[in-house]
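Beneath this line is the structure, given in structure tokens, with notes to follow.
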Amino acid sequence: MTRHLFGTDGIRGTANVDPMTAETALRVAMATALQFRRGNHRHRVVIGKDTRLSGYLLEPALTAGFISMGMDVVLVGPLPTPAVAMLTRSLRADMGVVISASHNPYQDNGIKLFGPDGYKLSDEVEIAIETRMGQPFAPDLAGSPDLGRASRMEDATGRYIEYVKNTFPRGLRLDGLKIVIDCANGAAYRVAPKVLYELGAEVIPIGVSPDGTNINKGCGATATQSLQEQVIFHAADLGIALDGDADRLIMVDEAGRPIDGDQLMTLIASSWAASQTLRGGGVVATVMSNLGMERHLTGLGLHLARTPVGDRYVVEMMRERGYNVGGEQSGHVVLSDYSTTGDGLIAALQVLAVLIQSNGRPASELCRVFAPVPQKLTNVRFSPGSTPLDDKMVQSAIRDGEARLADSGRLLIRKSGTEPLIRVMAEGDDEALVLQVVADIAESIRVSAETSAAGAAS
């Protein structure tokens with residue numbers, strides 16, 4: 001069986017439009033509660049969210065679903081995704097839920113599920129939950145005396161702040177650093193500036209005024225222009241950009257230039273290798289990570305293990321093979337010594353620790369660990385239900401691109417797991433060739449998608 005409702009990072013879609021409706025949330029909660037019943041103890045679930053307006057729609061629906069199955073609900077309000085994963089383990093809850101569409105605009109929302117160990121669910125468990133959603137729940141509903149209860153955890157924010165601070169190396173402080181932090185008007189708007197301030201930094205917060213509709217809007221890890229400008233304006237040492245649920249990190253050096261996840265992972269791995277705390281002999285990243293990163297790690301005697309796109313697959317390989325550094329070029333950085341999922345704030349602190357110990361080297365020098373190979377990514381939108389990758393013209397263009405790149409680069413074509421997009425990525429030593437290969441393949445997909453849409457309309 002394959003998953004239909006779940007994508008690469010939970011369930012996601014336009015809020016109040018199928019499947020991202022209150023009805024779906026209710027049934028997801030009921031099915032998940034059944035999936036995680038284990039013994040006769042009082043079951044408990046932790047529910048967190050980001051700052052989207054539609055969180056007010058989905059949170060009560062999920063709560064009602066869990067309560068109807070006899071599960072107690074602990075509501076923690078707006079809090080980063082990794083904080084919910086941490087609290088799930090800390091409270092010995094049976095599962096955790098995050099209501100968020102991560103870096104997507106406010107119109108979207110999503111449901112991410114965590115097991116009692118704080119890790120995202122496997123494909124097999126998600127398939128089992130989908131199967132349960134299609135079955136009647138009446139035989140398994142809790143009796144009136146056995147309904148769950150909901151409560152709000154007032155100190156959740158403080159618990160996470162202290163947890164994150166304790167991941168920073170003992171004896172180090174951020175005194176003397178001026179840092180601009182962009183919280184994307186999202187889940188970290190309260191916790192992230194406090195962590196940096198309490199560790200001694202001079203903090204200039206932006207993206208900390210959520211109104212339900214401005215999450216990720218011109219700010220955060222996917223829109224760093226404002227952060228870049230603020231770093232230069234304030235003559236800051238660097239900038240930190242989180243996304244809507246703060247599991248993603250992009251940094252900006254003192255010259256206002258972005259530093260992506262590949263550079264950050266490589267910096268942390270190199271530092272940990274030098275201190276003999278790196279496990280696994282390298283880094284786990286996805287097929288999207290730059291070839292320059294792979295070459296640099298090889299030169300250090302380390303290796304790069306690649307997975308399909310999705311931080312969940314990165315974490316799975318890290319657990320299977322004993323790595324403690326992994327992530328994605330897009331900014332998910334997973335440090336398994338501290339977290340079960342990507343944590344932008346914890347990753348930023350590890351980079352800051354290297355900076356503090358570098359004897360005054362600027363971020364522009366320290367964080368440019370390797371020279372990236374020219375890489376181009378183009379997203380082509382298609383109509384749901386159409387299959388442009390099955391088109392013979394598109395397949396021919398892909399084969400031609402592979403032949404032109406030969407041994408000097410890589411080509412990757414994949415469907416997005418969260419949107420109706422086909423992502424075309426190529427990289428290689430010849431930038432002009434890379435750009436032309438991507439343009440040719442993207443155009444063939446675009447023509448196929450338009451032809452398919454026109455045929456459906458007629």
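Computed from a predicted model, the values in this text were never measured in an experiment.
- The pair Glu198-Lys194 fails the salt-bridge criterion, with no side-chain N (NZ, NE, NH1 or NH2) lying under 4.0 Å from an Asp/Glu carboxylate O.
- Donor-acceptor pairing under 3.5 Å is lacking for the side chains of Asp262 and Asn290.
- At most 12 non-hydrogen atoms from other residues, nucleotides or ligands lie less than 6.0 angstrom from OH of Tyr197.
- For Tyr160, the side chain to side chain contact (heavy atoms under 4.5 Å, CB included) criterion is met by Pro80, Pro82, Ala83, Met86, Val164, Val191, Asp343, Leu345, not counting sequence neighbours.
- When only modelled atom types and interatomic distance are considered, Thr81 and Asp245 share a side-chain donor-acceptor pair under 3.5 Å.
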Item to complete: Decide yes or no on salt bridge (Lys or Arg N to Asp or Glu O under 4.0 Å) for Asp108 and Arg52, but give the supporting numbers first.
Response: CA-CA 8 Å; Asp108 294 341; Arg52 295 164 207 270; over 6 Å; no
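- The main-chain N or O of Lys217 is never found under 3.5 Å from a side-chain atom of Asn214 such that the two would form a donor-acceptor pair.
- In this structure, the side chains of Ile441 and Glu443 stay at 4.5 Å or more apart for every pair of heavy atoms.
- Between Asp430 and Arg404 no salt bridge is recorded (no basic side-chain N to carboxylate O distance below 4.0 Å).
- Note: Arg12 CZ to Leu5 CG = 13.0 Å, rounded to the nearest 0.5 Å.
- Here the closest heavy-atom approach between residue Ala156 and residue Leu79 is recorded as CB-CD2, 4.0 Å.
- Note that CD of Gln395 and CD1 of Ile398 are 7.0 Å apart. Values are rounded to the nearest 0.5 Å.
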Worksheet item: What do the steps show when you test Leu87 against Met153 for side chain to side chain contact (heavy atoms under 4.5 Å, CB included), and what is the final call?
Response: CA-CA 10 Å; Leu87 287 169; Met153 187 176 182; 4.1 Å; yes
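- Side-chain N or O atoms of Lys178 include one that pairs as donor or acceptor with a backbone N or O of His234 at under 3.5 Å.
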Discussion item. Set out, in order, the CA-CA distance, both residues' side-chain angles and the distance that settles side-chain hydrogen bond (donor to acceptor under 3.5 Å, both in side chains) for Ser336 and Asn324, then state yes or no.
Written reply: CA-CA 5 Å; Ser336 62; Asn324 61 349; 5.6 Å; no
Item to complete: Would you please test Arg446 and Asp440 for salt bridge (Lys or Arg N to Asp or Glu O under 4.0 Å) and show each step?
Response: CA-CA 10 Å; Arg446 200 172 286 115; Asp440 290 347; over 6 Å; no
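- A salt bridge is defined here as a Lys NZ or Arg NE, NH1 or NH2 lying under 4.0 Å from an Asp or Glu carboxylate O, and Arg279 with Asp337 meets this definition.
- For the pair Arg410 and Met288, the tightest heavy-atom approach, listed with the atom from each and the gap, is NH2-C, 4.1 Å.
- Proximity of Ile47 to Val84: side-chain heavy atoms (C-beta onward) are nowhere separated by under 4.5 Å.
- Within 6.0 Å of atom CD in Gln357, more than 12 heavy atoms from other residues, nucleotides or ligands are found, so the atom counts as buried in its surroundings.
- Side-chain contact, Thr21 with Thr24: a donor N or O sits under 3.5 Å from an acceptor N or O.
- Between the side chain of His303 and the backbone N or O of Gly281, at least one donor-acceptor pair lies under 3.5 Å.
- Side chains of Phe114 and Thr341 form a contact here, defined as non-hydrogen atoms less than 4.5 Å apart.
- A salt bridge links Glu294 with Arg306: the distance from a Lys NZ or Arg NE/NH1/NH2 to an Asp or Glu carboxylate oxygen falls below 4.0 Å.
- The backbone N or O of Ser209 sits less than 3.5 Å from a side-chain atom of Asn185, completing a donor-acceptor pair.
- Listed for the Glu126 side chain is no donor-acceptor partner under 3.5 Å among the backbone atoms of Gly10.
- By the neighbour-count criterion of 12 heavy atoms within 6.0 Å, atom NZ of Lys165 is densely surrounded, having more than that number from other residues, nucleotides or ligands.
- Put simply, the side chain of Glu202 never gets that close to the backbone of Gly176: no donor and acceptor are under 3.5 Å apart.
- No donor-acceptor pair closer than 3.5 Å links the side chain of Ser339 to the backbone N or O of Leu335.
- Atom-to-atom distance recorded for Gln350:CD and Leu249:CG is 11.5 Å, nearest 0.5 angstrom.
- For Asn109 (side chain) and Ser100 (main-chain N/O), a donor-acceptor pair under 3.5 Å exists by modelled atom type.
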Worksheet entry | Trace of the side chain to side chain contact (heavy atoms under 4.5 Å, CB included) decision for Phe36 with Val45 | CA-CA 10 Å; Phe36 281 89; Val45 57; over 6 Å; no
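- Shown here is Arg321, whose CZ atom has no more than 12 heavy atoms of other residues, nucleotides or ligands within 6.0 Å.
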Worksheet item: What's the verdict on side chain to side chain contact (heavy atoms under 4.5 Å, CB included) for Val325 and Val284, showing C-alpha distance, side-chain angles and the deciding distance?
Response: CA-CA 7 Å; Val325 176; Val284 179; over 6 Å; no
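- Of all heavy-atom pairs spanning Ile181 and Leu196, the tightest one is CD1-CD1, 3.7 Å.
- Heavy-atom minimum distance, Leu366 versus Leu355: CD2-CA, 3.5 Å.
- Taking each heavy atom of Asn216 and Ser102 in turn, the nearest pair found is ND2-O, 2.9 Å.
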Hey, can you pull the donor-acceptor pairs under 3.5 Å for the side chains in residues 115-125, sequence neighbours left out?
| unit_1 | atom_1 | unit_2 | atom_2 | d |
| --- | --- | --- | --- | --- |
| Asp117 | OD1 | Tyr119 | N | 3.1 |
| Lys120 | NZ | Asp9 | OD1 | 2.8 |
| Lys120 | NZ | Asp311 | OD1 | 3.2 |
| Lys120 | NZ | Asp311 | OD2 | 3.0 |
| Ser122 | OG | Glu124 | OE1 | 3.4 |
| Ser122 | OG | Val125 | N | 3.3 |
| Asp123 | OD1 | Arg3 | NH1 | 3.4 |
| Asp123 | OD1 | Arg312 | NH1 | 2.7 |
| Asp123 | OD1 | Arg312 | NH2 | 3.1 |

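- Nearest heavy atoms, Ile240 versus Ala348: CD1-CB, 3.9 Å.
- A donor-acceptor contact shorter than 3.5 Å links the side chain of Ser408 to the backbone of Leu405.
- Rounding to the nearest 0.5 Å places OG1 of Thr266 at 12.0 Å from CD1 of Ile259.
- In this pair, His296 and Phe370 present their aromatic rings tilted. The plane angle is within the 30 to 60° band.
- A side-chain donor-acceptor contact under 3.5 Å links Glu427 to the backbone of Leu291.
- For the pair Cys183/Pro205, no side-chain contact is recorded, criterion being any heavy-atom separation below 4.5 Å from C-beta on.
- Put simply, CG on Asp182 and CD1 on Ile206 are 4.0 Å apart, with the number rounded to the nearest 0.5 Å.
- One side chain, Glu254 or Ser364, offers a donor N or O that lies under 3.5 Å from an acceptor on the other.
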Worksheet item: For Leu177 and Ile356, what are the C-alpha separation, side-chain angles and deciding distance, and is it a side chain to side chain contact (heavy atoms under 4.5 Å, CB included)?
Response: CA-CA 9 Å; Leu177 282 184; Ile356 288 291; 3.7 Å; yes
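- In this structure the side chain of Met20 reaches within 4.5 angstrom of the side chain of Leu58, judged on heavy atoms.
- There is a side-chain donor-acceptor pair under 3.5 Å between Ser448 and Asp391.
- In the model, Thr277 has a side-chain atom that pairs as donor or acceptor with a side-chain atom of Ser275 under 3.5 Å.
- Note: Met317 CE to Thr307 OG1 = 6.0 Å, rounded to the nearest 0.5 Å.
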